[in-house]
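Below is one structure, written out as structure tokens; comments come after it.
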Amino acid sequence: MELDILELRKLCTPKNIHITLHAAKRLEQRGIFLKDVISCIMNGEIIEQYPDDYPYPSCLILGLNVDEKSLHVVIGFHSPDLFLITAYFPASDKWESDFKTRKETTK
């Protein structure tokens, strides 16, 4: 199932977003707040789809936080709920300058 950013935006309210303990710890470590996650979903675009994720399909969204800094949010979807898996500021050593394309890893 492909996720649709417009559908995610309709559900993007604090009451519909569930944050795991793991995600909450990561957000705190990274200085990312729920308002940043909501901002990213509301102004961002889906750049990767993970339709086979368990327990729900998920996707990677590139958007901007409230300070207009690029942010990646991974969100799982099971209507009407959104499950925040993680959020982070994309690193230039892992992403191309558009923050949409992963850099090739050399092995």
Side-chain angles (χ1 to χ4, degrees):
M1 168 183 139
E2 289 266 314
L3 299 183
D4 176 359
I5 193 69
L6 298 177
E7 183 72 18
L8 297 179
R9 286 178 183 156
K10 284 184 209 165
L11 300 171
C12 187
T13 64
K15 76 176 180 69
N16 288 349
I17 299 174
H18 302 271
I19 304 173
T20 64
L21 186 60
H22 169 81
K25 285 181 183 175
R26 290 289 177 263
L27 293 181
E28 186 177 356
Q29 289 169 343
R30 296 170 180 154
I32 300 169
F33 299 92
L34 183 58
K35 64 185 178 182
D36 295 314
V37 171
I38 291 171
S39 174
C40 179
I41 295 168
M42 296 308 285
N43 69 49
E45 63 181 297
I46 295 173
I47 58 171
E48 292 181 3
Q49 296 265 358
Y50 313 117
D52 299 325
D53 262 8
Y54 178 84
Y56 306 115
S58 66
C59 62
L60 173 61
I61 298 169
L62 166 64
L64 300 174
N65 74 351
V66 295
D67 296 324
E68 298 195 3
K69 186 173 177 186
S70 292
L71 183 67
H72 280 174
V73 170
V74 180
I75 206 96
F77 172 74
H78 183 72
S79 189
D81 299 313
L82 302 178
F83 296 88
L84 180 62
I85 297 166
T86 195
Y88 57 90
F89 297 107
S92 57
D93 62 332
K94 294 185 178 161
W95 294 90
E96 297 293 344
S97 59
D98 64 1
F99 294 126
K100 296 180 188 180
T101 311
R102 291 180 190 269
K103 286 189 174 177
E104 295 293 321
T105 55
T106 53
K107 294 190 180 185

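Given the structure is predicted, the values throughout are model-derived calculations rather than measurements. We're numbering straight along the sequence, starting at 1.
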Residues that T101 engages under side-chain hydrogen bond (donor to acceptor under 3.5 Å, both in side chains), provided they are two or more places apart: D98
Within the 6.0 Å centroid threshold, strictly below: F83 and Y56: yes
Are any non-hydrogen side-chain atoms of [X] and [Y] less than 4.5 angstrom apart?
{"X": "Q49", "Y": "L3", "value": "yes"}
{"X": "T20", "Y": "I85", "value": "no"}
{"X": "F89", "Y": "N65", "value": "yes"}
{"X": "K103", "Y": "W95", "value": "no"}
{"X": "E7", "Y": "K10", "value": "yes"}

Please check if the side chain of [X] supplies one atom and the backbone of [Y] the other of a donor-acceptor pair under 3.5 Å.
{"X": "E45", "Y": "G63", "result": "no"}
{"X": "D53", "Y": "S58", "result": "no"}
{"X": "R30", "Y": "A87", "result": "yes"}
{"X": "H22", "Y": "T86", "result": "no"}
{"X": "N43", "Y": "L64", "result": "yes"}

Trace of the side-chain contact (heavy atoms from CB on, under 4.5 Å) decision for V37 with I19: CA-CA 11 Å; V37 171; I19 304 173; over 6 Å; no
Find the distance between [atom1] ([X]) and [atom2] ([Y]) and round it off to the nearest 0.5 Å.
{"X": "N16", "Y": "L11", "atom1": "CG", "atom2": "CG", "result": "5.5 Å"}
{"X": "F99", "Y": "K94", "atom1": "CZ", "atom2": "NZ", "result": "12.5 Å"}
{"X": "I32", "Y": "H72", "atom1": "CD1", "atom2": "NE2", "result": "11.0 Å"}
{"X": "L34", "Y": "L84", "atom1": "CG", "atom2": "CG", "result": "8.0 Å"}

E68, CD: over 12 other non-hydrogen atoms inside 6.0 angstrom: no
Test log, rule side-chain contact (heavy atoms from CB on, under 4.5 Å), inputs V74 and C59: CA-CA 6 Å; V74 180; C59 62; over 6 Å; no
Non-hydrogen atoms of S70 and L62 that approach each other most closely: CB-CD1, 4.2 Å
All side chain to side chain contact (heavy atoms under 4.5 Å, CB included) counterparts of F33, not counting sequence neighbours: K35, D36
side-chain contact (heavy atoms from CB on, under 4.5 Å) assessment of I75 paired with I41: CA-CA 9 Å; I75 206 96; I41 295 168; 3.9 Å; yes
Salt bridge (Lys or Arg N to Asp or Glu O under 4.0 Å) between E48 and K100, worked out: CA-CA 9 Å; E48 292 181 3; K100 296 180 188 180; over 6 Å; no
Set of residues satisfying salt bridge (Lys or Arg N to Asp or Glu O under 4.0 Å) with respect to R9, sequence neighbours excluded: none
Partner of I46 by side chain to side chain contact (heavy atoms under 4.5 Å, CB included), out of L8, L60, D4: L8
same_hphob_cluster(M42, L71) at 4.5 Å side-chain heavy-atom cutoff: yes
